[in-house]
Protein chains: 2
Amino acid sequence: MAVRITWQDVYDKIHKRILDSSYAPGDKLPRDEDIAQELGCARSTVQRAMRELSEEGIVERRRKGGTHVRSYPVTRATFDISVTRHEVESAGKVYSYQLINREIAKSPRNVMAAFGLTAPKDMLRIEALHLSDRQPYIYEDRWVCTDTVPEIANVDLQCESANEWLVLNRPYDHADLRFYAQNADAYHADLLDAQLGVALFVMERTTWIGTAPITTVKAVTSPGYQLITRT
Amino acid sequence: MAVRITWQDVYDKIHKRILDSSYAPGDKLPRDEDIAQELGCARSTVQRAMRELSEEGIVERRRKGGTHVRSYPVTRATFDISVTRHEVESAGKVYSYQLINREIAKSPRNVMAAFGLTAPKDMLRIEALHLSDRQPYIYEDRWVCTDTVPEIANVDLQCESANEWLVLNRPYDHADLRFYAQNADAYHADLLDAQLGVALFVMERTTWIGTAPITTVKAVTSPGYQLITRT
DNA sequence: TAGTGGTCTAGACCACCGG
DNA sequence: CGGTGGTCTAGACCACTAT
């Protein structure tokens, strides 16, 4: 009996043809049905392989239009942002945490913008420092929407970081992410034990549940921080 | 006759139960078979939904172990890096390009590191500036492995950027990506029309075909550049 | 070793959209 | 409107791994 073809076999064969330019950018691939027949498998197996290629941004598929190699390939990369404690610990370091400030305050303009608000609002602001092997690692400036998350008022943020509490207790729908570079001002330089003006890598994240905003956080990393990923 | 259940229906139902904490972090979900029966669909439909949840990092699945809500949720984000010309044009700006330098040179240490080389090697180095509406946008410092891509020697890089030529003519297998912040030195400040010392967002990318290195590029963005994505 | 998820099949119908 | 991809089903077998 014939060998059993897996969807990964199909994936590899088609991918190889793209890599060696048998199918070049913009080219149209045969219909799933024909590929299935050629390779001797069911159409759904081809479907499975093609979905993978499609999700990776290698081909584009359209009903009736067929499958095409992307005219302008993209590098599609995925990365995970986890709880900072985990990030530190999985690097084999000792994690610690300091609460710097906790207050109720009117949301400033940048926070209003992140949440799409038109007027300032009382929110819970939390500033904290994450440390790796006792060295400053990430300073986080967080605003929590107390309308959406009233329970956070009762959490002891001295021992449990807002980062972790929220992740465990407040699942979110979707998030907006933003990465950029920023010069250390006096405040950040002091907290992160960095030189004034040094370039710092910043990650901003705003999370929502449905249309209700949960929290927005600006994570300022210490000098030398890199975000690394592989496709 | 009963309503036809789609995998997205299943996805939504399960996701909702996770969002409202019916299933909390660490909890075990019923077997696919049971969910299929409960919702009145085939097991493969549940499979399809569960794979999605799994790929998004919301649940973890293991044979025999079953399906669990992740104990420590992660934010899994995806972003595309496309040809710089496209990035500029899809922002509604006018793209232009300047070749700054083109030379054969021994790979410096950082390039050796990116490629995993132990000894320096002659490679093609290309420096170029991408502009958006005539303003400096990204400076790219690229090293091309001429062993893997000999044809690039014959390409006129005055009119076609190496970025674009490589993407169209040299498909790659996988890529390493690296993001960080860096202070503008005199050279970058001059090219990008930026102030000395200002924080710049940098993207490094190294691509491979199998085990053969293709190119490594350091893209230094102009001040204010942000990488934005949404989950 | 038994239980669970992963995959393949063959066939059917549907949804979208290009010619 | 017809061709193509997207999905569902029911059943079977396989692969991994927790117990």
Side-chain angles (χ1 to χ4, degrees), chain A residues 1-18 23 25-71 73-74 76 78, chain B residues 1-15 17-18 23 25-74 76 78:
Chain A
M1 145 164 192
V3 183
R4 172 66 68 111
I5 307 290
T6 69
W7 69 263
Q8 303 190 4
D9 293 336
V10 178
Y11 177 98
D12 289 342
K13 286 208 164 98
I14 302 298
H15 194 201
K16 190 164 297 176
R17 292 181 192 174
I18 293 173
Y23 300 132
D27 282 2
K28 180 173 188 169
L29 274 59
R31 354 178 338 243
D32 293 2
E33 185 88 42
D34 292 342
I35 294 180
Q37 205 151 36
E38 181 206 333
L39 302 182
C41 64
R43 178 164 78 95
S44 47
T45 305
V46 175
Q47 236 279 331
R48 180 73 180 83
M50 288 301 197
R51 177 166 8 111
E52 206 72 17
L53 287 164
S54 170
E55 285 176 353
E56 292 174 6
I58 295 173
V59 304
E60 287 174 317
R61 281 161 76 74
R62 265 175 313 196
R63 287 163 153 122
K64 169 72 180 179
T67 304
H68 294 257
V69 180
R70 282 185 81 107
S71 308
V74 294
R76 180 161 297 168
T78 297
Chain B
M1 143 163 191
V3 184
R4 172 66 67 113
I5 307 290
T6 70
W7 69 263
Q8 302 190 5
D9 293 335
V10 178
Y11 177 97
D12 288 342
K13 286 207 164 100
I14 302 298
H15 194 201
R17 292 180 192 174
I18 294 173
Y23 299 133
D27 282 2
K28 180 172 188 170
L29 274 59
R31 351 177 342 238
D32 293 1
E33 185 88 42
D34 292 342
I35 293 180
Q37 205 151 35
E38 181 206 332
L39 302 182
C41 65
R43 179 164 77 96
S44 47
T45 306
V46 175
Q47 237 280 327
R48 180 72 180 81
M50 287 301 198
R51 180 172 1 117
E52 205 73 16
L53 288 165
S54 169
E55 285 175 353
E56 292 174 5
I58 295 173
V59 304
E60 288 174 318
R61 284 160 75 73
R62 264 174 316 198
R63 286 163 154 123
K64 168 76 178 178
T67 304
H68 291 79
V69 180
R70 281 185 82 107
S71 307
Y72 280 87
V74 294
R76 181 161 297 168
T78 297

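Here the structure is a predicted model, which is why all the values come from computation and not from measurement.
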Trainee: Can you pull the ring pair (Phe, Tyr, Trp, His ring centres under 6.0 Å) pairs that have at least one residue in residues 45-74 of chain B, sequence neighbours excluded?
Mentor: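 The answer is A:His86-B:Tyr72.
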
Trainee: Restricting to ring-ring contact (aromatic ring centres under 6.0 Å, His included), what partner residues turn up for B:Tyr11, sequence neighbours left out?
Mentor: B:His15

Trainee: Taking DNA chain D as the partner, which of residues 32-58 of chain A come within under 4.0 angstrom of it by heavy atom?
Mentor: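 Here the set is A:Asp32, A:Arg43, A:Gln47.
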
Trainee: Let me spell it out: for each of A:Ile5 and B:Pro30, pick the nucleotide of DNA chain C with the closest heavy atom. Which residue's pick is nearer the 5' end?
Mentor: B:Pro30

Trainee: A:Gly57 and A:Val74: which non-hydrogen atoms are nearest, and at how many Å?
Mentor: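 The pair with the smallest heavy-atom distance is O-CG2, 4.0 Å.
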
Trainee: Please list, chain by chain and in numerical order, all residues satisfying side-chain hydrogen bond (donor to acceptor under 3.5 Å, both in side chains) with B:Thr67, sequence neighbours excluded.
Mentor: B:Arg61

Trainee: To the closest 0.5 Å, what do you measure between OG1 (A:Thr45) and CH2 (A:Trp7)?
Mentor: 11.0 Å

Trainee: With a 4.0 Å heavy-atom cut-off, tell me which residues in residues 6-14 of chain B come close to DNA chain D, sorted by residue number.
Mentor: B:Thr6, B:Trp7

Trainee: Each nucleotide N or O in nucleotides 17-19 of chain C that has a protein N or O under 3.5 Å away: list the pair and distance.
Mentor:
none

Trainee: Considering residues at least two apart in sequence or located in another chain, which fulfil the side-chain contact (heavy atoms from CB on, under 4.5 Å) criterion with A:Glu55?
Mentor: A:Arg51, A:Glu52, B:Glu55

Trainee: With sequence neighbours left out, write down each residue that passes salt bridge (charged side-chain N to carboxylate O under 4.0 Å, His left out) with A:Glu38, or none if nothing qualifies.
Mentor: A:Arg17

Trainee: Check side-chain contact (heavy atoms from CB on, under 4.5 Å) between B:Glu60 and all other residues, then give those that pass, not counting sequence neighbours.
Mentor: B:Arg70

Trainee: Specify the closest pair of heavy atoms between A:Tyr23 and A:Val69, including all atoms of both residues, with the distance to one decimal.
Mentor: CB-CG2, 3.8 Å

Trainee: Among all residues two or more places apart in sequence or in another chain, which pass the side-chain contact (heavy atoms from CB on, under 4.5 Å) test with A:Asp34?
Mentor: A:Pro30, A:Arg31

Trainee: Who passes side-chain contact (heavy atoms from CB on, under 4.5 Å) against A:Thr6, sequence neighbours left out?
Mentor: A:Gln8, A:Asp9

Trainee: Does some side-chain heavy atom of B:Glu33 sit less than 4.5 Å from a side-chain heavy atom of B:Arg43?
Mentor: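 Yes, at least one pair of side-chain atoms sits under 4.5 Å.
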
Trainee: Could you list where the contact with chain A starts and ends along DNA chain D, reading 5' to 3', using a 4.0 Å heavy-atom cut-off?
Mentor: D:dG2 to D:dT7

